[in-house]
Amino acid sequence: MLLGTVLVLLLAGASPASAHAALRGTDPDDGSVVKRAPRHVTLTFTESVGLLDDSFRVFGPDQRRVHTDEATHADGRSDTAQVGLPGKLAKGTYTVAWRVVSADSHPVSGAFSFSVGKRSATTVQVDTGPAEDPLTGRLYDAARYLAYLAAALLVGTAAFALLCRPADTSPLRRPLVTAWWTLLGSTAVLILLRAPYEAGTGPAAAFDTDALGRTLTGRPGLALLARPAVLLPTAAFLIRLSRRRERQGPAALAIGTVLAAALALTWAAAEHASAGIQVPLAMTSSVLHLLATGVWLGGLVALLLTLRRSSGDDLVEVVPRFSRIAFASVTVLAVTGLYQSWRGLGSLSALTGTSYGRLLLAKLAGVAVLLLVAGYSRRWTARIAAPAAVTRAAVHERVPQPVGAPAEPGPGEPGPGEPSGRSEESGTPPGEPATEPPASDADRDMQRRRLRRSVLVEVAVAAVVLMITTVLTGTLPARAQAEAARQAPVGTLPPTTLVTVPFDTGAGSVTGRGTVQVTLDPARVGENGVQAVVYGSDTGLVVVPEVRITFTLPSRKVGPIDAELTDLGGYWGTNSVNLPLAGNWTMKTTVRVSDVDQVSVERKVRIAP
């Protein structure tokens, strides 16, 4: 019942679209000159978007803000944003700054211009709205990471107690309580910061009750509100488990599974899986991926605590059970991860050609290291489990006999007068290897210590993998980036401005230092083309993994506007950078020469009216 309620609450209104909203078009067209003043400004996106109180800021030829109506969806379509304009507009150029929230919870923004009757110069300073607040972004990302960690620990520890059935569950109570309160606290922080995160303002705006109420009615806000609603029955379930000493049956396992799935839905319903192609399948895959992650990684912490507190006899049964569960979790992670990678990338070239792909490669590398360490742990798991196998093989049923009667032979043992068929030295049937004697207490202690160390390394690597995952969920998927590029207008303009940007990453190679020649054409208000050619220290052309250029107009608080350069074979370029205002812009050029070496250099460029 709870799972169905969360599904209905979070998926209402979901529609297939590309993760992260890309601007499909504007009405009036960007840079156009219209004869008559339009009644509305309409933006169309590649997916449904949420509107803010300040989604539109329109400035006239005198750079004063134009009074507009409240932003709405045009014709009830969730992939549009529209604002009404006054009945009479003076002739000249109008600048429209916009900001909306994608269906996958990430805010996107931009600016464009159009002219009524004729173009006019825009030379007066204008405030087009707040820029991204770095403190809000860092706090929000930190809270998201803590929420991921806490959810994995909560799900994994509870699953360990139910499935591995350790005799002493007292070491697991503290991590369960800590995980529950951390998840509740981080969710509360995310709820408070949601409004300033969407609006790009400072953390102080979190206490604006009107903005808070508005953000909580959108899909991301509903997902965050649903999380405490799931945590409350989860707390009651965990308290009931801790008070019952006997082994839990299938009913407890079923209830725990439903609660864990409902908790995972609060992530899946508000992030990449909730928008894009194949939404129902993507949602299912995301939930399974999150649950498998929690069972494996959170279970590792529970195993580590159990190894420190439990007796050797208990570990002989518990450790092999977790080994089997971890193997099943890794299988689920492999299948769902492969599907999600295909869905987010769209092409193999995006693995190295986009930020999303490179982050995915980093995550895969971390998972590979995690699997290697897990393989090492599995060796010690098998040795710890060996005494149980030896004991089971040595146990034989015997029928009670009267006192003084000769003992009856056990199964496979010879009767009186029959040849034993066993080696005198070892007591083992001929042709069969001798059974290894049980390990001594010192050997078992050594095995447990080595297993603890390898599990501790697994936990550390898992924390890094979760950190990369947190960044990945906030990164524009490569498929959406490619779709946005297809929507951008194309064309070639004659070069008018050439900027030489020196760089030095300190990598100590030919590609570690050099220059980037950036061509900006026509360096005027409106659509511009950008081409970047990288030269090494020997003045020859070099190939680098990434060149990124952003434009910011600090005096008017516009930007950063990402040029979204693509590798065009020998140089990086695009023909679709819209710079809506004249002035001295800051062009930030970032050159990455390896996975760890990159440098950013800023230069001023003049954009003419």
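Counting only heavy atoms from C-beta outward, the side chains of V530 and V518 approach each other to under 4.5 Å. With contacts defined as side-chain heavy-atom distances shorter than 4.5 Å, the pair V525/I607 qualifies. Contact annotation: the side chain of E602 approaches that of T586 to within less than 4.5 Å [non-hydrogen atoms, C-beta and beyond]. Side-chain atoms of Y145 and L149, non-hydrogen and from C-beta on, do get closer than 4.5 Å to each other. Between R194 and P220 there is a side-chain heavy-atom pair separated by less than 4.5 Å. Residues L139 and V189 are not in side-chain contact: their nearest non-hydrogen atoms beyond the backbone lie 4.5 Å or more apart. Residues I191 and R227 are not in side-chain contact: their nearest non-hydrogen atoms beyond the backbone lie 4.5 Å or more apart. Put simply, the side chain of F114 reaches to within 4.5 Å of the side chain of V41, judged on heavy atoms.
A salt bridge links R144 with D141: the closest approach of a Lys/Arg side-chain nitrogen to an acidic carboxylate oxygen falls below 4.0 angstrom.
Partners of T515 according to the side chain to side chain donor-acceptor pair (under 3.5 Å) rule, which considers only residues two or more places apart in sequence or in another chain, do not exist here. Partners of W98 according to the ring pair (Phe, Tyr, Trp, His ring centres under 6.0 Å) rule, which considers only residues two or more places apart in sequence or in another chain, are F45. For F551, the ring pair (Phe, Tyr, Trp, His ring centres under 6.0 Å) criterion is met by no residue, not counting sequence neighbours. When the side chain to side chain donor-acceptor pair (under 3.5 Å) test is applied to S600, the partners found at least two apart in sequence or on another chain are T590. Here S186 pairs with nothing under the side chain to side chain donor-acceptor pair (under 3.5 Å) rule; sequence neighbours left out. With sequence neighbours excluded, the residues forming a side chain to side chain donor-acceptor pair (under 3.5 Å) with T42 are Q82, listed by chain and number.
Atom CG of residue L265 and atom OG1 of residue T284 lie 8.5 Å apart, to the nearest 0.5 angstrom. Atom OG1 of T95 is separated from atom CG of L581 by 4.5 Å, given to the nearest 0.5 angstrom. Residue N578 holds its CG atom at 6.5 Å from CD1 of I561, rounded to the nearest 0.5 Å. Taken to the nearest 0.5 Å, the CG atom of L290 stands 9.5 Å off from the CG atom of L333. Of the inter-residue distances, the one linking L225 atom CG with T187 atom OG1 reads 10.0 Å to the nearest 0.5 angstrom. To the nearest 0.5 angstrom, R138 atom CZ is 12.5 Å from L193 atom CG.
Looking only at distances, no side-chain donor or acceptor of T136 sits under 3.5 Å from a matching main-chain atom of P196. Using modelled atom types, no side-chain atom of S285 and backbone atom of A282 make a donor-acceptor pair closer than 3.5 Å. In this structure a side-chain-to-backbone donor-acceptor pair under 3.5 Å is missing from R99 to R57.
For V100 against A81, the heavy-atom pair with the smallest separation is CG1-CB, 4.4 Å. The shortest heavy-atom contact between P580 and A111 is CG-CB, 3.5 Å. The nearest pair of heavy atoms linking W572 to P545 is CH2-O, 3.3 Å. Nearest heavy atoms, A264 versus V287: CB-CG1, 4.0 Å. The shortest non-hydrogen separation linking A532 to I549 is CB-CD1, 4.3 Å. Taking each heavy atom of F112 and P28 in turn, the nearest pair found is CE1-O, 3.8 Å.
Under the 3.5 Å distance criterion, with hydrogens and angles disregarded, no donor-acceptor pair is assigned to the side chains of T80 and T44.
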Report the C-alpha distance between V558 and W585 in whole Å, list the side-chain angles of each, state the deciding distance to 0.1 Å, and finish with yes or no for side-chain contact (heavy atoms from CB on, under 4.5 Å). CA-CA 9 Å; V558 176; W585 289 70; 3.9 Å; yes
Between D30 and S113, is the side-chain contact (heavy atoms from CB on, under 4.5 Å) condition met? List the steps. CA-CA 6 Å; D30 182 22; S113 62; 4.2 Å; yes
Test side-chain contact (heavy atoms from CB on, under 4.5 Å) on L565 and E546; report intermediate values, then the result. CA-CA 9 Å; L565 301 182; E546 182 183 20; over 6 Å; no
Show your working on side-chain contact (heavy atoms from CB on, under 4.5 Å) between V332 and W296 and close with a plain yes or no. CA-CA 10 Å; V332 174; W296 182 25; over 6 Å; no
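More than 12 heavy atoms of other residues, nucleotides or ligands shown are found within 6.0 angstrom of CZ on R603.
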